[in-house]
Amino acid sequence: MRAQIDQQLRKSLADFAAEHEVDDSIDLNPQLERTRDPRHGDFTTNIALRLAKPLGRPPRELAAELADLIPESSLIADVNVAGPGFINLSMSADAYRGELVDIIEAGESYGRSTWGANRRVIVEYVSANPTGPLHVGHGRLAAYGASVANLLRATGHDVHEEYYVNDAGRQMDILTVSVWLRYLQTLGENIEFPEAAYRGDYIHSIARQLHAQWEDRLARFDRTSLLRILADPPSSDDVLLDRIIATVRHGLGDTGFSVIFNAARYSVLDDIREDLAEFGVRPNNWYSERSLADGGALERALKRLNERDRLYVRDGAVWFKATEYGDDKDRVVVRENGATTYFASDIAYHYEKRTRGYELLLDIMGADHHGYVSRVRAALQAMGEPGESLEVRLVQFVALYRGEKKVQMSTRAGEFVTLRQLREEVGNDAARFFYVSRSYDQPLDFDLELAKAQSNDNPVYYVQYAHARVASLLKKMVSEGFSLTPASRSDLRCLTESAEKELLVSLSRYPEVIQLAAVNRAPTHVAQFLRTLAASFHSYYNAHRVLVSDDSLRNARVALACGVQQVLRNGLTLLGVSAPESM
RNA sequence: GCCCCGAUAGCUCAGCCGGAUAGAGCGUCCGCCUCCUAAGCGGAAGGUCAGAGGUUCGAAUCCUCUUCGGGGCGCCA
């Protein structure tokens, strides 16, 4: 609906510009907004106010002239000038009836648009290290990222969703030795398990699997030096872990080490994959960090930087000249010991995404990554890619509450609430909805009691209930012997109650909400909208009977209810929340 | 020290690209099931939009400073 009005308005403005020979430098794009107060009509534009100064004319006079240029149509019932120079537009009842017909005809595609023009977007999200199960913080990234991807698809983008697997580097080595030490304990070896190693229960379970498959064959080497290190550990956790890694790697050899490594990697990744899938989050691709080195992408990226003279050597390390692109300091890409840094992988990965043909690289990550944004963008620019091709959305943290009480978590000790536990406790629907109910750039207090509450306190059930009510209405209709005759356009003329008008207005806003949510990467707008729509429907449902004996009125009201149900379902689907037929 | 995010009703939060009288839920108080699901609805009370300047016809919204909170800074990932 808005799109149609917008088009008419633009045409009128073009006519105006031609007639008055308006200079090209003047911005003629109209801001067309919904009014907050119904007395101001349905839509309003401030274009006259904005043009008043550059054209040197009083705003109200300008508004009056522009208002006259807006052509008569079946959509617009009234145009008038108000306040300091707003042009207010009132839509005809017929326009709203037409919108309801559109909703029912378009069905699940109502609200979709082609605005994105098939622009190729790669959305990278979650990308948690495969060193343990996902926790509640990752859940927010998953729910948010998946919904943003859905919104972009709904607005006509060509979307690819990807999970970047950090399966290279020291953290994976630590995971590997953590598993191996637990495996030793399974064999009956009495060792002191290091504080700084991974301590979660899942480590034990991987170790037990290894034991079942390999018996003691992964421990057949001289372990005296290892036992000596464990018995008398150095004061630094990092030094201790590095020594253990070196010793175990030496003892097992590369093949033996990689048996443990792979067992750990696959076990953890399978768990993450299954967890996300059950949560309705299914990335198109899982991109391995190791494959960047193995496939030569890492080397190619560094070579490209070097060719462009953006690298130099200092203190035995290779540095990237990030300061030339506004970063605070230059950054190391190859360490003194010859190992490439995580940042080097990041550079290669992002460059590789560009070479795969993605126009926009949309990264969704935890707020703790904010330091990386400027340097990754710097690297892209240094390789000749546009800085705007990288867009990063930093998602703030999640604090869990059980009612008033904060749930304490410690990742290191393996004492944290996993995403799986959360989903089992509150359900997927409530979790998905809660995660996107707050704006991504705000910290989220996730109240487990509220998310579980099967009451009107819980916005998820509130919205789902509205959907289920319509379903039950349709069943009731059949059981009472009414025929399911689709409402005709003239039947819809029976929708004269103010609550019905309010619902129709609310429904017609849906495509605008999707557009806005996609532009701002803000699924929260959808959640907000659904609550409002559900509220209007519950209110209407309480005040007016749908299954009345008058055929036309009944058919019209059923059509309205079906329109509400369709829009609720479409919105919930974008958020990954189910739309139940009964509750 | 530098950087990012924030401060709106008792509480939790909306408020789009600056727009007309700042909204919702919870909580409190008063009501509504012989009636399509009461997981619902109606009503009442509740505000110096942290503070001070600035830009503008117009500021909760944009800019600057101050105060108070949360987070981040690595040859870790």
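Labels below follow one simple rule: chain letters A, B, ... track the order of the sequence lines, proteins then strands, and each chain is numbered from 1.
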Sidechain N-carboxylate O distance under 4.0 Å for A:D242, A:R170: yes
5' precedence on RNA chain B between A:R170 and A:E480 (nearest-nucleotide basis): A:E480
Selection from B:C16, B:G19, B:U12 that lies nearest to any side-chain heavy atom of A:L49: B:G19
Options B:C5, B:A39, B:G19, nucleotide nearest the side-chain atoms of A:P84: B:G19
Nucleotide opposite B:G6 in a Watson-Crick or G-U pair, distances under 3.5 Å: B:C68
Proximity to the side chain of A:S439 - top-ranked nucleotide from B:G74, B:G25, B:A14: B:A14
Touch class at under 4.0 angstrom, heavy-atom based, for A:H467 against every strand present: nothing
Sugar-phosphate only, base, or nothing, as touched by A:A317 at under 4.0 Å among non-hydrogen atoms: base
Per A:R469 side chain, nearest of listed nucleotides B:C13, B:C36, B:A38: B:A38
B:G18: pairing nucleotide in any strand, Watson-Crick or G-U under 3.5 angstrom: none
C1' gap between B:G15 and B:U61, integer Å: 9 Å
Ion pair A:R554/A:D550, N-O distance below 4.0 Å: no
Flag for A:D429-A:Y461: side-chain donor and acceptor within less than 3.5 Å: no
Sugar-phosphate only, base, or nothing, as touched by A:L394 at under 4.0 Å among non-hydrogen atoms: nothing
Between B:C75 (P) and A:Y312 (OH): distance, integer Å: 11 Å
Which nucleotide in B:C5, B:C75, B:C36 has an atom nearest any side-chain atom of A:Q396: B:C5
Rounded distance in Å between the P positions of B:U21 and B:A7: 23 Å
Check: B:A20 base within 3.5 Å donor-acceptor of A:N46 side chain: no
Sugar-phosphate, base or nothing in reach of A:Q442, heavy atoms under 4.0 Å: sugar-phosphate
Pairwise C1' distance, B:G27 and B:C33 [rounded to whole Å]: 25 Å
Length of the CG-C1' vector between A:L516 and B:G15, whole Å: 11 Å
Distance, P atom - from B:G47 to B:C4, rounded to whole angstrom: 35 Å
Distance-only polar pair, side chains of A:H350 and A:R377, donor-acceptor under 3.5 Å: no
Pairwise 5' ranking along RNA chain B for A:H538 and A:T524, keeping only the more 5' one: A:T524
Side-chain donor or acceptor of A:T532 paired with backbone N/O of A:Q528 under 3.5 Å: yes
Chi class for B:C49: syn within 90° of 0, otherwise anti: anti
Between B:C76 (P) and A:D237 (CG): distance, integer Å: 16 Å
OP1 or OP2 of B:C17 under 4.0 Å from side-chain N/O of A:N520: yes
Donor on one side chain, acceptor on other, A:N555 and A:T485, under 3.5 Å: no
Nearest-angstrom distance, P atom, B:C11 to B:G43: 25 Å
A:R331 side-chain N/O to B:G74 phosphate OP1/OP2 under 4.0 Å: yes
Residue A:H370, side-chain heavy atoms: nucleotide from B:G15, B:G74, B:C4 that is nearest: B:C4
Strand partner of B:A59, provided both Watson-Crick or wobble distances fall under 3.5 Å: none
A:R335 side-chain proximity, nearest of B:C41, B:C75, B:A20: B:C75
Selected nucleotide, minimal atom distance to A:E33 side chain, candidates B:G6, B:U21, B:C17: B:C17
Candidate list A:Y435, A:Y401, A:F433, test ring-ring contact (aromatic ring centres under 6.0 Å, His included), partner A:F446, passing option: A:Y435
Sugar-phosphate, base or nothing in reach of A:D327, heavy atoms under 4.0 Å: nothing
P spacing across the pair B:G71 / B:G25, given as an integer number of angstrom: 32 Å
Residue pair A:Y198, A:Q171: steps toward the side-chain hydrogen bond (donor to acceptor under 3.5 Å, both in side chains) verdict: CA-CA 10 Å; A:Y198 289 104; A:Q171 292 304 317; 2.7 Å; yes
Nearest to side-chain heavy atoms of A:S539, which nucleotide of B:G42, B:A39, B:C36: B:G42
C1' gap between B:A60 and B:A52, integer Å: 16 Å
Aromatic contact, A:Y125 with A:Y144 (centres under 6.0 Å): no
Polar side-chain contact A:T44-B:A20 base: donor and acceptor under 3.5 Å: yes
Aromatic-base stack, A:H40 on B:A20, cutoff 5.5 Å, angle under 30: yes
Pair partner, B:U34 [Watson-Crick or wobble, under 3.5 Å]: none
Gap between atoms CZ and C1', on A:F397 and B:C4 respectively (whole Å): 12 Å
Under 4.0 angstrom between A:Y462 side-chain N/O and B:C41 OP1 or OP2: yes
Ring-on-base stacking B:A20 with A:F86 (under 5.5 Å, under 30°): yes
Distance between P atoms of B:C3 and B:U8 (Å, rounded): 25 Å
Sugar-phosphate, base or nothing in reach of A:R438, heavy atoms under 4.0 Å: sugar-phosphate
Integer-rounded Å distance: B:G42 P and A:N542 CG: 7 Å
Mate of B:U12 where both pairing distances stay under 3.5 Å, Watson-Crick or G-U: B:A24
Touch class at under 4.0 angstrom, heavy-atom based, for A:A468 against every strand present: base
Partner nucleotide of B:G47 by Watson-Crick or wobble geometry (both distances under 3.5 Å): none
Mate of B:G1 where both pairing distances stay under 3.5 Å, Watson-Crick or G-U: B:C73
Closest listed nucleotide, where the reference is the side chain of A:W319 and the choices are B:C75, B:G71, B:C5: B:C75
Polar side chain donor-acceptor pair, A:Y440 to A:R140, under 3.5 angstrom: no
Touch class at under 4.0 angstrom, heavy-atom based, for A:E336 against every strand present: base
